[in-house]
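Worksheet: one structure, shown below.
Numbers restart at 1 for each chain; the letters A, B, ... are given by sequence-line order, proteins then strands. Note that these values count all heavy atoms, side chains included, but never hydrogens, waters or copies made by symmetry.
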Amino acid sequence: MTSFVKIVGGFAIVAVIAASAVPFVARADDKDAIDYRENIMKSLDAQTADLGMIVSTQIPDDNLVAHTKALAILAKQAQKSFESKIPGGDAKPELWANYADFQKRMDDFVAKTADMAASAEKGGMPVVMEKMVPALTCKGCHDLYRVKK
Amino acid sequence: MTRLLQFAAGLAFAAALTLPAIVRASEPDDVIEYRKNIMKTLGAQAAALNATLQGKAPAESFTLHAQVLAIAASEALIAFTPKVEGGDSKPEVWAKWDDFSKKMKEFAANTADLAKTAEAGGAAAAQPKMQGALTCKGCHDTYRQPLKK
């Protein structure tokens, strides 16, 4: 009976390990996870710069909606990319210590960029100009959670 | 009251300044920087897509990367249409414009199909279409200057 319980217990442990391994980055080493989230941040940077060039009328607005859509999806990617909670890169230790606050900021970033993308489709440039600053909360998060270069 | 009126007049003036300016021609350097940002997005997102297949990143994010690749490809299609020479674009881009823009159109259509397939059936369904959609190297070999080391 005891050994049966042990076996069952063992299975349970194996199941727990398997369950935590299957969804994602359990196999990734730290550098992979850091490279991955930095690639997402680089994409956010490039799309934000291009949106900025359109809003400041340096570039025609044909891709206006496309950039807002890309930003909304990139925000979702960014949100998921930190869930492996792998320290390092330019993420400050405060990020993991205040993880609930960090997550709240990511949730907010996802919601507001999604709203901007949805409104851009209907309202075009004036709406994007109004929603851009509150949606792109890059600096607010970086000031708290990213190591200054 | 006067202050409020002044403020309102200021806003109207700012709006008048920015809106008609949209039609002015873009500076060549801006056009080049703009399309490079789109290519940078493609570079970072293609790397991230691969990471999801190699167990280095959340597998369920495959679709989010495919979606951004499709959007960025549609942006790229527009970004080269001002036909501004320079950057790392070879003169062949403009000399063989019909072939170049055909390749861009196919790239946009195939990545859109990749994203749709991923939305419906996940990475497993979309993976066989990856090679046919991510025609980066085929285009770069003909139309981009070799990378300076």
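The contact between B:I38 and chain A is made by backbone and side chain atoms together, counting heavy-atom distances below 4.5 Å. Both the backbone and the side chain of B:A48 come within contact range of chain A, each with at least one heavy atom under 4.5 Å from a heavy atom of that chain.
Counting heavy atoms from C-beta outward, A:L74 and B:Q45 have side chains that approach closer than 4.5 Å.
When all heavy atoms of B:I71 and A:A70 are compared, the closest pair comes out as CD1-N, 3.9 Å. Scanning all heavy atoms of the two residues, the minimum distance from B:E75 to A:N63 falls at O-ND2, 3.2 Å. Residues B:Y34 and A:D50 share a closest heavy-atom pair of O-OD2, 2.9 Å.
Under the 4.5 Å side-chain contact rule for hydrophobic residues, A:L136 and A:L144 share a cluster. Cluster membership check: A:Y145 does not share its hydrophobic cluster with A:V147, using side-chain heavy-atom separations under 4.5 Å among Ile, Leu, Val, Met, Phe, Trp and Tyr. Both B:V93 and B:M39 are assigned to one and the same hydrophobic cluster, defined by single-linkage of ILVMFWY side chains at heavy-atom distances under 4.5 Å. Linking Ile, Leu, Val, Met, Phe, Trp and Tyr whenever their side-chain heavy atoms come within less than 4.5 Å puts B:F107 and B:W97 in one cluster. Hydrophobic clustering (side-chain heavy atoms under 4.5 Å, transitive across Ile, Leu, Val, Met, Phe, Trp, Tyr) keeps A:V110 apart from A:M116.
The line from NE2 of B:H65 to OG of A:S43 is 8.5 Å long, rounded to the nearest 0.5 Å. Atoms CD1 and CG, on B:I78 and A:D61 in that order, are 10.0 Å from each other to the nearest 0.5 Å. Separation of atoms CG (B:N50) and OH (A:Y36) is listed at 11.5 Å; rounding is to 0.5 Å. Atom CD1 of A:I40 is separated from atom OG1 of B:T41 by 12.5 Å, given to the nearest 0.5 angstrom.
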- Message: Set out, in order, the CA-CA distance, both residues' side-chain angles and the distance that settles side chain to side chain contact (heavy atoms under 4.5 Å, CB included) for A:M53 and B:D30, then state yes or no.
- Response: CA-CA 8 Å; A:M53 291 177 90; B:D30 288 346; 3.5 Å; yes
- Query: Checking side chain to side chain donor-acceptor pair (under 3.5 Å) for the pair B:S61/A:Q77: CA distance, chi angles, key distance, verdict?
  - Reply: CA-CA 7 Å; B:S61 289; A:Q77 295 177 6; over 6 Å; no
- Task: Give the C-alpha distance, both sets of side-chain angles, the deciding distance and a yes or no for side chain to side chain contact (heavy atoms under 4.5 Å, CB included) between A:K80 and B:L64.
- Result: CA-CA 11 Å; A:K80 283 188 208 284; B:L64 297 176; 3.9 Å; yes
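For chain B, the option among A:H67, A:M41, A:K42 with the highest count of heavy-atom pairs below 4.5 Å is A:H67. Note: B:E33 leads B:R35, B:K40, B:E33 in heavy-atom pairs under 4.5 Å with chain A.
A 6.0 Å sphere centred on NZ of A:K92 holds more than 12 heavy atoms belonging to other residues, nucleotides or ligands.
Residues that satisfy the side-chain contact (heavy atoms from CB on, under 4.5 Å) test with B:P82, not counting sequence neighbours, are B:V31, B:V84.
Side chains of A:Q58 and B:S26: no donor on one and acceptor on the other come within 3.5 Å.
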